[in-house]
Amino acid sequence: MTERKRNFFRWAHGTVSVLVFSLALGSGMLLAQSDPGVRGGAAGAGGQIAGLTVKEGKFFDAGLDAFTEVQSVQGTIAGTEEGLGPRFNLDSCAGCHSQPAIGGTSPSTNPQIAVATKNGATNTPPFFISSSGPVREARFKFANPPTNTIRDGGVHDLFTITGRTDAPGCNISQPDFDSANRDNNLIFRIPTPTFGAGLIEAITDSTIIANKDLPANAAAKTALGISGHENREGNAGTITRFGWKAQNKSLVIFSGEAYNVEQGVTNDLFPQERDETPGCLFNPTPENHVNFEQTNPLKVLADTSNFANFMRFLAPPAPADSTPSIESGRTLFSTTGCALCHTPSLTTGVSSTAALSGKQANLFSDLLVHHMGTGLADDIVQGAAGPDEFRTAPLWGLGKRIFFLHDGRTSDLLQAISAHSSSGSEANAVISNFDALLPQQKQDILNFLRSL
């Protein structure tokens with residue numbers, strides 16, 4: 001080989017090497033933006049909020065005990081309380097709310113699989129429930145498909161107590177979820193985390209409205225097509241704030257409804273059974289109530305009040321230590337427009353609980369409902385929240401969550417962000433801003449969100 005040919009070969013080989021390296025680097029950059037995944041380390045949640053009195057702390061502990069109780073139908077099974085059924089989704093609050101600690105959201109292993117046949121029950125887990133999928137409840141959109149002129153919107157419990165050893169003689173069937181699915185009449189919801197819920201409850205209506213109408217954000221919201229409005233309780237007219245559509249007013253109401261709907265336990269707030277089929281009713285109602293004969297103050301309260309106290313006194317989730325990427329993501333989260341709905345913080349009002357009074361709640365939510373478009377619409381109406389409207393989900397604690405969006409359709413944070421964009425969504429322009437970012441800038445936002 002001549003010297004000229006050797007030089008040409010060395011030049012060509014070097015050029016190809018540089019080109020391959022450049023393509024690999026470019027490919028890496030294109031693939032750089034990815035969900036870092038569930039943040040490791042300590043849970044950073046599940047404890048009581050700082051500043052509680054000794055006695056408030058005792059009521060928190062009593063609430064935690066109630067929250068972790070397992071229900072049976074008649075209380076005949078050791079270690080359980082009575083009242084389960086006739087229809088239910090799970091037999092414990094903590095079963096649904098356990099990631100990354102008690103009070104959180106859906107765990108990695110779905111406990112609904114095991115409860116389907118627990119104590120002799122003859123349930124079949126429906127097609128949308130899997131051992132590695134999220135805990136889900138099911139709702140039917142309409143009561144008369146395919147005409148769809150009468151709205152339903154209510155929860156149709158997955159399981160029944162039929163066949164259980166503590167429910168002899170009960171014989172009712174599970175709902176026909178397959179037919180509902182064929183009729184496009186089926187939607188899902190996953191559990192919302194309850195960390196810091198007392199701070200959310202203590203935010204005044206006037207603070208929520210003032211943030212909605214903040215003059216400094218008016219022009220940006222108009223330019224991006226963001227509006228949003230509050231949901232309100234029908235009688236009192238005050239702002240509701242708990243649940244996927246901000247449909248529940250208070251933690252006590254949230255507790256009472258969930259006890260009745262998710263576990264089938266009647267209580268002081270919801271005293272009637274949801275299914276009154278003869279042969280499936282085993283206890284006087286309400287099954288759970290104020291314990292009038294108790295003299296120990298910690299045992300007088302009904303479970304609904306205990307649940308509420310536990311959630312009310314739960315500390316907000318602790319964020320991760322900051323890094324340059326996280327701080328960059330925090331800034332970009334604001335400049336792209338995300339923070340116009342996911343308000344970084346709101347301040348609580350004057351509360352009768354000192355630990356909740358005048359505190360900064362770093363919830364990343366405006367507590368309003370927004371149009372999220374056809375892609376996320378569930379066709380359910382709750383109060384003033386329409387078929388495609390959802391509460392701005394609080395993002396604190398997001399770094400530890402496994403499943404995203406109201407139905408748990410994805411575990412990928414990047415997919416959850418993309419799903420905010422569809423026809424009619426108030427987030428379309430914001431997602432367009434996000435999509436226009438450089439790969440590293442997108443990654444910074446993802447790193448920031450997983451730090452919360």
Please answer whether the main-chain N or O of [Y] pairs with a side-chain N or O of [X] as donor and acceptor at a distance below 3.5 Å.
X      : Y      : result
Asp412 : Gln415 : yes
Thr336 : Leu332 : yes
Gln74  : Glu82  : no
Asp91  : Leu84  : no
Ser92  : Glu69  : yes

Check whether any side-chain heavy atom of [X] lies under 4.5 Å from a side-chain heavy atom of [Y], and answer yes or no.
X      : Y      : value
Pro107 : Ile402 : no
Thr105 : Phe403 : no
Thr392 : Leu367 : no

### Message
side-chain hydrogen bond (donor to acceptor under 3.5 Å, both in side chains) for Glu327 and Ser322? Distances and angles first, verdict last.
### Response
CA-CA 7 Å; Glu327 287 310 306; Ser322 188; 2.4 Å; yes
### Query
In this structure, which one of Leu64, Leu301, Leu314 forms a side-chain contact (heavy atoms from CB on, under 4.5 Å) with Asn309?
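Of Leu64, Leu301, Leu314, side-chain contact (heavy atoms from CB on, under 4.5 Å) with Asn309 is met by Leu301 alone.
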### Query
Would Phe60 and Phe310 count as a close aromatic pair, with their ring centres under 6.0 Å?
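Yes, the ring centres sit under 6.0 Å apart.
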### Query
Mind checking whether Phe59 and Phe313 have ring centres under 6.0 Å apart?
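No.
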### Task
Check step by step if side-chain hydrogen bond (donor to acceptor under 3.5 Å, both in side chains) holds for Ser72 and Thr80.
CA-CA 6 Å; Ser72 63; Thr80 64; 2.8 Å; yes
Under the side-chain contact (heavy atoms from CB on, under 4.5 Å) test, residues paired with [X] that sit two or more places apart:
X      : value
Asn296 : Gln294, Leu298, Lys299
Thr53  : Lys55, Glu56
Ile113 : Pro125, Ile129, Ser131
Asp268 : Pro286, His289, Val290, Ala302

### Message
Walk me through whether Ser255 and Met311 qualify under side-chain contact (heavy atoms from CB on, under 4.5 Å).
### Response
CA-CA 9 Å; Ser255 298; Met311 293 185 287; 3.1 Å; yes
With a 3.5 Å cut-off and no angle check, do the side chains of [X] and [Y] form a donor-acceptor pair?
X      : Y      : answer
Asn288 : Asn267 : no
Asp275 : Thr277 : yes
Thr331 : Ser328 : no
Glu233 : Thr240 : no
Tyr259 : Glu287 : no

With [X] via side-chain hydrogen bond (donor to acceptor under 3.5 Å, both in side chains) - residues at least two apart:
X      : value
Ser345 : none
Ser325 : Asp444, Asn447
Thr238 : Lys249

### Query
Would Thr343 and Leu363 count as a side-chain contact (heavy atoms from CB on, under 4.5 Å) if you check the C-alpha gap in whole Å, the side-chain angles of each, and the deciding distance to 0.1 Å?
CA-CA 7 Å; Thr343 304; Leu363 70 168; 5.9 Å; no
### Message
Listing request: all side-chain hydrogen bond (donor to acceptor under 3.5 Å, both in side chains) pairs with a residue in residues 350-361, at least two apart in sequence or in separate chains.
### Response
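For residues 350-361, and leaving out neighbouring residues, the side-chain hydrogen bond (donor to acceptor under 3.5 Å, both in side chains) pairs sorted by first residue read Gln360-Asn362.
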#### Entry: Pairs satisfying side-chain hydrogen bond (donor to acceptor under 3.5 Å, both in side chains), at least one member in residues 417-429, at least two apart
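side-chain hydrogen bond (donor to acceptor under 3.5 Å, both in side chains) check on residues 417-429 returns Ser227-Glu426, His370-Glu426, Ser421-Asn428.
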### Task
Determine, stepwise, if the pair Glu137 / Asn89 fulfils side-chain hydrogen bond (donor to acceptor under 3.5 Å, both in side chains).
CA-CA 7 Å; Glu137 67 170 24; Asn89 286 323; 4.5 Å; no
#### Entry: Set of residues satisfying salt bridge (charged side-chain N to carboxylate O under 4.0 Å, His left out) with respect to Asp388, sequence neighbours excluded
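Partners of Asp388 under the salt bridge (charged side-chain N to carboxylate O under 4.0 Å, His left out) test: none.
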### Message
Tell me every residue that passes ring-ring contact (aromatic ring centres under 6.0 Å, His included) with His342, counting only those two or more places apart in sequence or in another chain.
### Response
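Partners of His342 under the ring-ring contact (aromatic ring centres under 6.0 Å, His included) test: none.
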### Message
Parallel, tilted or perpendicular, judged at 30° and 60°: which one describes the rings of Phe448 and Phe364?
### Response
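Plane angle over 60°, so perpendicular.
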### Query
With under 30° as parallel and over 60° as perpendicular, where do the rings of His406 and Trp244 fit, or are they tilted in between?
perpendicular
### Message
Before you tell me yes or no, could you show the steps for Lys245 and Glu389 under salt bridge (charged side-chain N to carboxylate O under 4.0 Å, His left out), namely the whole-Å CA-CA distance, both residues' side-chain angles and the distance that decides it to 0.1 Å?
### Response
CA-CA 7 Å; Lys245 298 212 174 201; Glu389 290 183 307; over 6 Å; no
### Task
I would like to know whether Phe142 and Ile150 meet side-chain contact (heavy atoms from CB on, under 4.5 Å); could you show each step before the answer?
CA-CA 6 Å; Phe142 295 94; Ile150 302 174; 6.0 Å; no
Regarding [X] and [Y], does a basic nitrogen lie under 4.0 Å from an acidic carboxylate oxygen?
X      : Y      : result
Asp366 : Arg391 : no
Arg312 : Glu201 : yes
Arg241 : Asp205 : yes
Arg189 : Asp378 : yes

### Query
For Leu414 and Gln33, what are the C-alpha separation, side-chain angles and deciding distance, and is it a side-chain contact (heavy atoms from CB on, under 4.5 Å)?
CA-CA 8 Å; Leu414 194 58; Gln33 64 274 12; 4.2 Å; yes
### Nearest-0.5 Å distance that lies between atom CD1 in Ile200 and atom OG1 in Thr348
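If we round to the nearest 0.5 Å, Ile200:CD1 and Thr348:OG1 are 11.5 Å apart.
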### Task
For Asp152 and Lys141, run salt bridge (charged side-chain N to carboxylate O under 4.0 Å, His left out): C-alpha distance rounded to whole Å, both residues' side-chain angles, the deciding distance at 0.1 Å, then the answer.
CA-CA 5 Å; Asp152 183 338; Lys141 304 176 190 178; over 6 Å; no
### Message
Here's one to test your reading of the geometry: is the NZ or CZ of Arg136 within 45 degrees of the ring axis of Phe188 and under 6.0 Å from its centre?
### Response
yes
### Task
Check each of Arg274, Arg87, Arg139 against Asp157 using the salt bridge (charged side-chain N to carboxylate O under 4.0 Å, His left out) test, and report the only one that passes.
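Single pass found, and it is Arg274.
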### Query
Hey, is CG on Asp321 packed in by over 12 heavy atoms from elsewhere, all under 6.0 Å?
no
Atom pairs and distances, donor-acceptor, side-chain atoms in residues 93-104, under 3.5 Å, two or more places apart:
unit_1 : atom_1 : unit_2 : atom_2 : d
His97  : ND1    : Gly104 : O      : 2.8
His97  : ND1    : Thr192 : O      : 3.1
Gln99  : NE2    : Lys400 : O      : 2.7

